[in-house]
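Order of listing sets the numbers, starting from 1, for every ligand and every atom in it. Being a predicted model, the structure only gives us computed values, none of them experimental.
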Amino acid sequence: MLKKQEIITEARKLQFADIGFTTAEPFVSQKEYLLDHMQEYGWTQKAGFSLVEGTDPQNILPGAKSIIVLLESYFAEAFPPQLERNFGRCYLDDDRVTKDGMALKVKAFRQFLRDNGIDSKVPFNLPHRMAAARAGLGTFGKNCFFYAKRVARASSLVIPIILVVDQEFSSDEPTVGIGCPDWCRSACVAACPTHALKGGGKIDPRRCISYLTYYGEGLTPRELREPMGMFVYGCDRCQNVCPRNNPWMSETKMMNSRVAAKAADFELSCLLHMDKPYFQQKIWPHMFYMSAADIWRWKMNTARAMGNSLNPAHTADLVRAFKENSDERVQSMIAWALGRIGGRKAEEALEQFHQSSTGIVRDEIEQASAAL
Ligand code: SF4
Ligand code: SF4
């Protein structure tokens, strides 16, 4: 029978940042919290995430005995700054579809377990951060992120990978709790532009920019457009302002060549004009929370980011995209963006578009023109 230390050695050999062990007991407090906050989390059930079911490891692997938590730092290498402006860092080198990065290590680790008679499942719906804290790997921040204890300079730029296994191992000392220093006056809560953070480690996920960028329904409400700033997919603001992340974020790192190689594909002008084949080949394999049917949301987010850049260099692209697109959510956001950037060319374009527009697009054009 495989010993715990042999598993730790294998994890180190595969260069995972850290590893911890916990029991396969249900996550009772998480289940209660989810059930008490269905108004905020009900959408996850509808989206098929089954978070409530995921609180019991037996639903994932009948006969589950332990949980192994691996920790991976997703910011061990630097990312191109132009990508960090518009995308959450954790999505920039996400190989859950391409399976050519971290997935290969997880596969090798599971094979090692299998070769030694241990069955494992890698669930997407088990409470990852709570499992990592229960396995003694770190603590929470008031921004709801998980902070490592021993690696990545104790930052939140880590991903817990969960393996539910059918063999029992001794558990590590849990570290469940908020680990923020007393002197931090909740910089994350103050910095959250959409007031998603409620303090004390609580969040309304429906107000989080990450959620809004890939699951937000319809045209983004006017009051959220400026606060959502230049993020097109994901948001890192509450992690960027956190002093617990300063040591890791300020370290000089080598550029991530995999991410740098695809940076040009994610330029805002490419996203604004992309067609379905472009999306399917270059974007979806890396950022896949939206299907091809939701290209309109990518374009709407991109137009909003361009508008919030206040950069007249985007005006020509926005004018062209208005003519290319018939989706009223995209056209409406383009009108808003042109109004936000302003200038003679934007004004002339809005006047021209007004003549042939109806409904909400016409309303947005009128409001944009009035603001000018
Ligand atoms: S900003 Fe302050 S309160 Fe928020 S997670 Fe970081 S240390 Fe904690
Ligand atoms: S990720 Fe952005 S929107 Fe979400 S809680 Fe943090 S700062 Fe707020």
Side-chain angles (χ1 to χ4, degrees), residues 33 37 39-41 43-44 47 49 51 73-75 79 83-92 94 127-130 132-133 137-149 151-160 175-217 220-251 287 289-290 297 300-302 304-305 308-309:
Y33 187 83
H37 292 79
Q39 209 182 350
E40 291 159 20
Y41 288 90
W43 64 272
T44 60
F49 293 148
L51 296 185
S73 168
Y74 61 80
F75 193 46
F79 297 128
L83 290 180
E84 290 185 329
R85 276 197 290 272
N86 303 123
F87 306 95
R89 285 190 195 87
C90 69
Y91 304 114
L92 290 178
D94 184 342
H128 281 53
R129 295 170 188 173
M130 182 57 84
L137 292 175
T139 57
F140 302 113
K142 289 182 189 167
N143 57 5
C144 301
F145 280 90
F146 175 79
Y147 286 73
K149 187 170 74 177
V151 298
R153 304 287 182 269
S155 74
S156 64
L157 301 158
V158 291
I159 303 176
T175 46
V176 178
I178 289 180
C180 298
D182 292 340
W183 52 261
C184 180
R185 303 176 74 177
S186 299
C188 53
V189 178
C192 176
T194 51
H195 307 294
L197 293 176
K198 299 193 285 187
K202 301 283 187 297
I203 185 171
D204 181 345
R206 298 164 306 169
R207 287 196 69 85
C208 179
I209 292 171
S210 294
Y211 169 92
L212 292 166
T213 54
Y214 33 70
Y215 295 133
E217 281 178 23
T220 305
R222 295 186 72 80
E223 68 274 16
L224 289 175
R225 295 177 195 169
E226 272 191 52
M228 287 174 71
M230 294 181 60
F231 281 111
V232 173
Y233 190 102
C235 171
D236 276 338
R237 194 159 163 73
C238 57
Q239 295 190 93
N240 289 344
V241 300
C242 176
R244 295 177 74 181
N245 283 334
N246 263 354
W248 193 227
M249 289 180 62
S250 57
E251 255 185 40
M287 298 186 194
Y289 288 175
M290 290 182 264
R297 196 185 286 109
M300 179 182 73
N301 291 342
T302 304
R304 189 233 327 123
N308 281 328
S309 77

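Proximity to P243 (heavy-atom distance under 4.0 Å) selects the following atoms of ligand 1: 1 (S), 6 (Fe). Close approach of ligand 1 to P181 is summarised as follows: ligand atoms under 4.0 Å from at least one heavy atom of the residue are 7 (S). The contact set between ligand 1 and C188, taken as ligand atoms under 4.0 Å from a residue heavy atom, comprises 1 (S), 3 (S), 4 (Fe), 5 (S). Listed by number with element, the atoms of ligand 1 under 4.0 angstrom from any heavy atom of C242 are 1 (S), 5 (S), 6 (Fe), 7 (S). Proximity to T194 (heavy-atom distance under 4.0 Å) selects the following atoms of ligand 2: 3 (S). Atoms of ligand 1 lying under 4.0 Å from at least one heavy atom of C184, given by number and element, are 1 (S), 2 (Fe), 3 (S), 7 (S). Residue S186 has at least one heavy-atom neighbour below 4.0 Å for each of these atoms of ligand 1: 3 (S). Each of the following atoms of ligand 2 lies closer than 4.0 Å to a heavy atom of R237: 7 (S). Near C180, meaning under 4.0 Å from any of its heavy atoms, are these atoms of ligand 1: 3 (S), 5 (S), 7 (S), 8 (Fe). Atoms of ligand 1 found under 4.0 Å from any heavy atom of R244 (numbered from 1 in listed order, with element): 7 (S).
If you look at F140 next to ligand 1, there are no close heavy atoms at all, none under 4.0 Å. Under 4.0 angstrom from ligand 2, the non-hydrogen atoms of L197 all belong to its side chain. For N143, no heavy-atom contact with ligand 2 is shorter than 4.0 Å.
Using a 4.0 Å cutoff on heavy atoms, F145 does not count as a contact of ligand 1.
Atom 3 (S) of ligand 2 has as its closest protein heavy atom I209 N, 3.1 Å. The protein heavy-atom contact nearest to atom 7 (S) of ligand 2 is C238 N, 3.3 Å. Closest protein heavy atom to atom 2 (Fe) of ligand 2: C235 SG, 2.3 Å. Counting protein heavy atoms only, atom 5 (S) of ligand 1 is closest to K142 N, 3.5 Å.
A centroid separation of less than 6.0 Å is found between the aromatic rings of Y214 and Y233.
The NE2 atom of H195 sits 7.0 Å away from the CZ atom of R207 when rounded to the nearest 0.5 Å. Distance check, rounded to the nearest 0.5 Å: CG of N143 to SG of C242 gives 5.5 Å. Distance check: L92 CG to F87 CZ gives 7.5 Å after rounding to the nearest 0.5 Å. Atom CZ of F79 is separated from atom OH of Y91 by 13.0 Å, given to the nearest 0.5 angstrom.
No more than 12 heavy-atom neighbours from other residues, nucleotides or ligands sit within 6.0 angstrom of CD on Q39.
Backbone or side-chain N, O or S atoms of C208 reach atom 4 (Fe) of ligand 2 at under 2.8 Å. Contact annotation: C192 places no N, O or S atom under 2.8 Å from atom 6 (Fe) of ligand 2.
Side-chain N or O atoms of N308 include none that pairs as donor or acceptor with a backbone N or O of M230 at under 3.5 Å. A donor-acceptor pair is defined here as one N or O able to donate and one able to accept, closer than 3.5 Å; such a pair exists between the side chain of R225 and the backbone of T220. Of the possible donor and acceptor atoms, one in the side chain of S155 sits under 3.5 Å from a partner among the backbone N and O of L157.
Annotation: side chain of R129 is not in contact with side chain of Y147 (no heavy-atom distance under 4.5 Å).
Between the side chains of N245 and S156, a donor-acceptor pair is found at a separation under 3.5 Å. When only modelled atom types and interatomic distance are considered, R206 and T194 share no side-chain donor-acceptor pair under 3.5 Å.
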